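To keep things clear, I will list the structure first and then write my remarks on it.
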Amino acid sequence: MYIATLRQKQGELRALDMLEPQYKNSDMFLPNIIISDSSREALQNIQKKFNSTILLDTRELSGDEIVDLEDIINTEDLSNYHINYNIETCINNWPINKFNYLKIPDQVLNEFFVQWVQANSSSFPENIMFDFGAVNENLLEDKINIVSRIIDALGSKNYIICSGAIPNTVPVKADANYNLRRLEVEIFNKIAKKGIGNYIFSDYSTVSPIASTSEKVIPIVQIKYTLDTEYWFVRNGQRRGNYNFVHVCEQIVENASTFDKNSCWADQYIYDVYSNGQNSGNPSVWASLGINKHIVKCINEYTYINN
């Protein structure tokens, strides 16, 4: 199984909407959506894009909003939603009703928290997400060791290992391509060697875990394309004037080892632009292409992982 942590934005939801039915309606994939608008209407809108099981990440909600959300999803028409509770809100106010998912963020991974888990291990649900957030070349050895000790205390459960390597900005010019190791895979593999329980791979897809605060940024003509061990940022300058998105697609079709026009909506879209020789889409659509490709690739990589 693969779990993608996504935001409640048009590009992410479009990427979900364009998944093939075999990926939407199966136990191979689960979206974990960071909710900022938890209204019934917003949840129904997400449901139109992806009508299978969905996790709702509550990191941006207040305690009162989470209580309201519990009531909203406790109805038959929204029964596909499950709340992914944040441990920071649970420590002092543990959910009254039985729950299935709990997220442990990077900032609480310390010696004191290990001791707290050891004393309260019987209260934890079956599915535990460790969220390292934004990661870089330093593979967090100290935090990985703490996670291993927590797993020892909790025993055999489903452990979701989530992190995100995609930066908000890359250290090259807007018209230069860029390669970045898939550090999330390396972190997952280090922890999955533990051998206790079932390990599930998760990441932030091709989106940065750190939400951008910039309002007036000229977008880059690019696709963040997932290869076997790297992300390939295929770029062609800022989107202004006579920009050329066709060249981005041309590079992917002719050079990406993981490209297959029959594999997903994203690759078919890229191939159509390449074949027609005409620019198509906008920055939101281009983001959807990278996310859609990444999700399908990760599903295919991790469907059979079970340690």
Side-chain angles (χ1 to χ4, degrees), residues 1-20 23-24 26 28-36 46 49-50 52-57 59-60 84 103 105-106 129-136 160-170 178-188 200-212 219-220 222-235 252 256 258-259 263-267 269-270 281 283-303 305:
M1 172 181 270
Y2 166 57
I3 296 177
T5 294
L6 304 167
R7 293 192 175 270
Q8 195 178 1
K9 293 185 176 181
Q10 185 180 44
E12 282 91 326
L13 296 183
R14 183 188 296 108
L16 293 178
D17 186 27
M18 299 309 294
L19 288 171
E20 296 294 329
Y23 298 127
K24 285 186 177 182
S26 73
M28 297 186 294
F29 172 62
L30 189 60
N32 175 52
I33 300 180
I34 301 171
I35 291 293
S36 55
I46 296 172
K49 307 294 183 180
F50 191 92
S52 191
T53 304
I54 298 173
L55 298 183
L56 298 177
D57 190 307
R59 71 183 71 183
E60 295 185 353
N84 190 9
K103 181 171 71 70
D106 169 74
M129 172 182 278
F130 292 101
D131 187 351
F132 291 99
V135 294
N136 53 37
I160 305 161
I161 311 302
C162 181
S163 60
I166 299 291
N168 267 326
T169 58
V170 298
Y178 181 71
N179 291 74
L180 177 70
R181 283 162 49 201
R182 291 176 64 190
L183 298 173
E184 306 97 330
V185 174
E186 298 178 29
I187 291 172
F188 173 81
I200 299 170
F201 178 71
S202 178
D203 62 16
Y204 286 77
S205 185
T206 57
V207 180
S208 174
I210 302 173
S212 176
I220 305 297
Q222 70 172 346
I223 294 178
K224 290 173 278 188
Y225 197 82
T226 305
L227 305 174
D228 289 333
T229 60
E230 293 180 311
Y231 298 106
W232 186 25
F233 293 65
V234 189
R235 299 151 60 84
I252 292 172
T258 58
F259 177 80
S263 66
C264 59
W265 165 74
D267 277 359
Y269 189 106
I270 291 167
S284 175
V285 172
W286 304 338
S288 299
L289 296 174
I291 296 166
N292 180 266
K293 172 66 179 184
H294 183 83
I295 289 173
V296 171
K297 179 161 178 55
C298 288
I299 291 172
N300 290 330
E301 287 176 336
Y302 289 99
T303 295
I305 291 290

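Not measured: the values here are computed from a predicted model. What you see below is based on every heavy atom in this structure, not just the backbone, and it leaves out hydrogens, waters and symmetry mates.
When the side chain to side chain contact (heavy atoms under 4.5 Å, CB included) test is applied to Pro105, the partners found at least two apart in sequence or on another chain are Asn86, Ile87, Glu88, Lys103, Gln107, Val108. Shown here are the salt bridge (Lys or Arg N to Asp or Glu O under 4.0 Å) partners of Arg14, two or more places apart in sequence or in another chain: there are none. Scanning for ring pair (Phe, Tyr, Trp, His ring centres under 6.0 Å) contacts around Trp232 gives an empty result, with sequence neighbours left out. Looking at residues two or more places apart in sequence or on another chain, you find a side chain to side chain contact (heavy atoms under 4.5 Å, CB included) between Lys49 and Leu13, Asp17. Annotation: side chain to side chain contact (heavy atoms under 4.5 Å, CB included) contacts of Ser36 (sequence neighbours excluded): Gln8, Glu60. Applying the ring pair (Phe, Tyr, Trp, His ring centres under 6.0 Å) test to Phe50 and every residue at least two apart in sequence or in another chain returns Phe29.
In this structure, the separation between CE on Met28 and CD1 on Ile3 is 14.0 Å, given to the nearest 0.5 Å. Atom CD1 in Ile270 sits 12.0 Å away from atom CH2 in Trp286 (nearest 0.5 Å). To the nearest 0.5 angstrom, Phe188 atom CZ is 10.5 Å from Glu301 atom CD. Atoms CD1 and CG, from Ile35 and Asn84 in turn, are 11.0 Å apart once rounded to the nearest 0.5 Å. Arg59 CZ to Asn32 CG: the interatomic distance, rounded to the nearest 0.5 Å, is 7.0 Å. The distance from atom CD1 of Ile200 to atom SG of Cys162, rounded to the nearest 0.5 Å, is 12.0 Å.
The only option from Leu16, Ile54, Asp57, Ile46 that meets the side-chain contact (heavy atoms from CB on, under 4.5 Å) definition with Leu6 turns out to be Leu16. Paired with His294 under the rule ring-ring contact (aromatic ring centres under 6.0 Å, His included), one option of Phe201, Tyr204, Tyr231, Tyr225 passes, and it is Tyr231.
The minimum heavy-atom distance between Leu30 and Thr53, with the atom names listed, is CD1-O, 3.1 Å. Listed here is the closest heavy atom pair of Asp267 and Ser263: OD2-OG, 3.1 Å. Pairing each heavy atom of Phe233 with each of Ile166, the nearest pair is CZ-CD1, 3.8 Å. Nearest heavy atoms, Val135 versus Ser163: CG1-CB, 3.8 Å. The two residues Leu227 and Ala256 have their closest heavy-atom pair at CD2-CB, 4.1 Å. Of all heavy-atom pairs between Ala165 and Leu180, the closest is O-CD2, 3.3 Å.
The shortest side-chain heavy-atom distance between Ile34 and Glu12 does not fall under the 4.5 Å cut-off. The side-chain heavy atoms of Ile223 and Lys293, taken from C-beta on, include no pair separated by under 4.5 Å. Looking at Leu19 and Val296, their side chains come closer than 4.5 Å, going by heavy atoms from C-beta outward. Contact of the Val185 side chain with the Tyr302 side chain is registered, since non-hydrogen atoms from C-beta on lie closer than 4.5 Å. No side-chain heavy atom of Val207 sits under 4.5 Å from any side-chain heavy atom of Arg7. Put simply, the side chain of Asn292 does not reach to within 4.5 Å of the side chain of Tyr269, judged on heavy atoms.
Without hydrogens or angle criteria, Ser288 side chain to Ser284 main chain gives a donor-acceptor distance under 3.5 Å. The main-chain N or O of Ile210 is found under 3.5 Å from a side-chain atom of Asn168 such that the two form a donor-acceptor pair.
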_Assess the residue pair Tyr23 and Asn300 against the criterion (side chain to side chain contact (heavy atoms under 4.5 Å, CB included)); give the C-alpha distance rounded to whole Å, side-chain angles, the decisive distance to 0.1 Å, and a yes or no._
CA-CA 10 Å; Tyr23 298 127; Asn300 290 330; 3.6 Å; yes
*Begin from the C-alpha positions of Val170 and Lys224 and carry the test side chain to side chain contact (heavy atoms under 4.5 Å, CB included) through to its verdict.*
CA-CA 11 Å; Val170 298; Lys224 290 173 278 188; over 6 Å; no
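Taking a cutoff of 4.0 Å between a charged side-chain nitrogen and a carboxylate oxygen, Asp228 and Arg182 do not qualify as a salt bridge.
A donor-acceptor contact closer than 3.5 angstrom links the side chains of Asp203 and Tyr2.
At most 12 non-hydrogen atoms from other residues, nucleotides or ligands lie less than 6.0 angstrom from CD of Gln10.
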